[in-house]
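As a basis for the values below, the full set of heavy atoms in this structure was taken, side chains included, without hydrogen atoms, waters or symmetry mates. Proteins get letters first, then strands, A, B, ... in listed order; numbering begins at 1 in each.
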There are 2 protein chains.
Amino acid sequence: MREVPSRIVELITVGTVESSLKDMASAPKQGDEGAPDAWLVFEARFGDALEGIAEGDELLVLTWLDRANREVLRTRPRSDPARPVQGVFTTRSPDRPNPIGLHRVRVLERDGLRLRVSDLEALHGTPIVDVKVPLGGIAER
Amino acid sequence: MREVPSRIVELITVGTVESSLKDMASAPKQGDEGAPDAWLVFEARFGDALEGIAEGDELLVLTWLDRANREVLRTRPRSDPARPVQGVFTTRSPDRPNPIGLHRVRVLERDGLRLRVSDLEALHGTPIVDVKVPLGGIAER
């Protein structure tokens, strides 16, 4: 059977994570499992998109998990050998066709293009691709 | 000041939305504001990633909002003229540098590579780029 090639779109980096987490072995699997505070550092040309973000805000940060394996379609959740293999779309594994990370964080401090946030499990150098508010968040006050 | 160009990564389409919503004028802004049921139709080569998904599951669907304007950095939330302009990162506007849609849905029916889901505000033909479980969802049972 002939497979039509998947359409490809271009994602750009709007910023980068600065974190004490340097490798996957030291990173917790989720932000609420002991992840450190980290800095989100945005590129100057996207600064206007941050207008209105302040200390205390809850944000959803979308990252590009650039150390993930994009060929993986099935995995054991949480790398637990006792658990059955499942499709990656039923998990939060970073390994998946498009390794987009989704992180819920709180803003602890803002310094211009830099936001210090709580509990981010992304590694140092991870590209940031989008930021949103949770539904019920600051855009809906 | 010289701007270093943003790094570009390639996102592939893993499936497509089939919906009765054909244009932005008829689409609600959020899924819980009267959005219809829709079908998520996955490409055969990503079928293994769906293993374990069944009726009743809650999923986070990530889409590529291909009709959005990627040049917009500031907007009025919910297009409400009474509200002040804010950075797009403080909103859920589809217009943003990387227009990734984030939708929480429930699986109503599964038919192989096709999932019928509730309350999806994405338009017909919107590319699907990822599927995850909410934290506390089926991967963590």
Side-chain angles (χ1 to χ4, degrees), chain A residues 1 3-14 30-32 42-53 57 59-60 62 64 66 70 72-74 77-78 83-93 96-100 102 104 127 129-135 137-140, chain B residues 1 3-14 30-32 42-53 57 59-60 62 64 66 70 72-74 77-78 83-93 96-100 102 104 127 129-135 137-140:
Chain A
M1 192 178 77
E3 279 269 355
V4 179
S6 295
R7 196 166 63 143
I8 289 172
V9 295
E10 288 182 351
L11 210 55
I12 54 177
T13 298
V14 300
Q30 299 300 334
D32 61 359
F42 292 87
E43 297 188 15
R45 69 183 176 113
F46 299 110
D48 282 352
L50 298 171
E51 187 173 324
I53 293 181
D57 289 340
L59 299 176
L60 295 175
L62 281 68
W64 183 256
D66 54 354
R70 302 183 67 174
V72 173
L73 297 179
R74 300 162 79 244
R78 305 190 61 85
R83 298 176 65 162
V85 169
Q86 296 177 201
V88 292
F89 290 163
T90 72
T91 77
R92 296 286 283 221
S93 168
R96 53 184 59 242
N98 292 304
I100 299 170
L102 177 63
R104 186 163 179 154
V129 296
D130 195 16
V131 178
K132 301 181 189 300
V133 285
L135 291 178
I138 55 179
E140 300 192 318
Chain B
M1 192 178 76
E3 279 269 356
V4 179
S6 296
R7 197 167 62 144
I8 289 173
V9 295
E10 287 182 351
L11 208 55
I12 54 176
T13 298
V14 300
Q30 299 300 335
D32 61 0
F42 291 87
E43 297 188 17
R45 68 182 177 116
F46 299 111
D48 282 352
L50 299 171
E51 187 174 323
I53 293 181
D57 289 340
L59 299 175
L60 295 175
L62 281 68
W64 183 256
D66 54 353
R70 302 183 68 172
V72 174
L73 297 179
R74 299 162 79 244
R78 304 191 60 87
R83 298 175 66 160
V85 168
Q86 296 177 200
V88 292
F89 291 162
T90 72
T91 77
R92 296 286 284 220
S93 169
R96 53 184 60 240
N98 291 305
I100 299 170
L102 177 63
R104 185 163 181 155
V129 296
D130 195 16
V131 177
K132 299 182 191 301
V133 285
L135 291 179
I138 56 177
E140 300 191 318

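Counting heavy-atom pairs closer than 4.5 Å to chain B, the top-ranked of the candidates V72(A), D66(A), I12(A) is I12(A). Of the residues considered (S93(A), G47(A), P84(A), P97(A)), P97(A) shows the highest number of contacts with chain B, using heavy-atom pairs under 4.5 Å. Counting heavy-atom pairs closer than 4.5 Å to chain A, the top residue among V88(B), L50(B), V131(B), V129(B) is V131(B).
Between F89(A) and V133(B), the closest side-chain pair of non-hydrogen atoms is not below 4.5 Å. The shortest side-chain heavy-atom distance between R96(B) and V14(A) does not fall under the 4.5 Å cut-off.
The shortest heavy-atom contact between E10(A) and R70(B) is O-NH2, 2.8 Å.
Of the two parts of D32(A), neither the backbone nor the side chain holds a non-hydrogen atom closer than 4.5 Å to a non-hydrogen atom of chain B. At a 4.5 Å heavy-atom cutoff, R104(B) makes no contact with chain A through either its backbone or its side chain.
With hydrogens and angles disregarded, no donor-acceptor distance shorter than 3.5 Å links the side chain of D48(B) to the backbone of L73(A).
The side-chain contact (heavy atoms from CB on, under 4.5 Å) test with I100(B) is passed by exactly one of N98(A), L102(A), L11(A), V9(A): L11(A).
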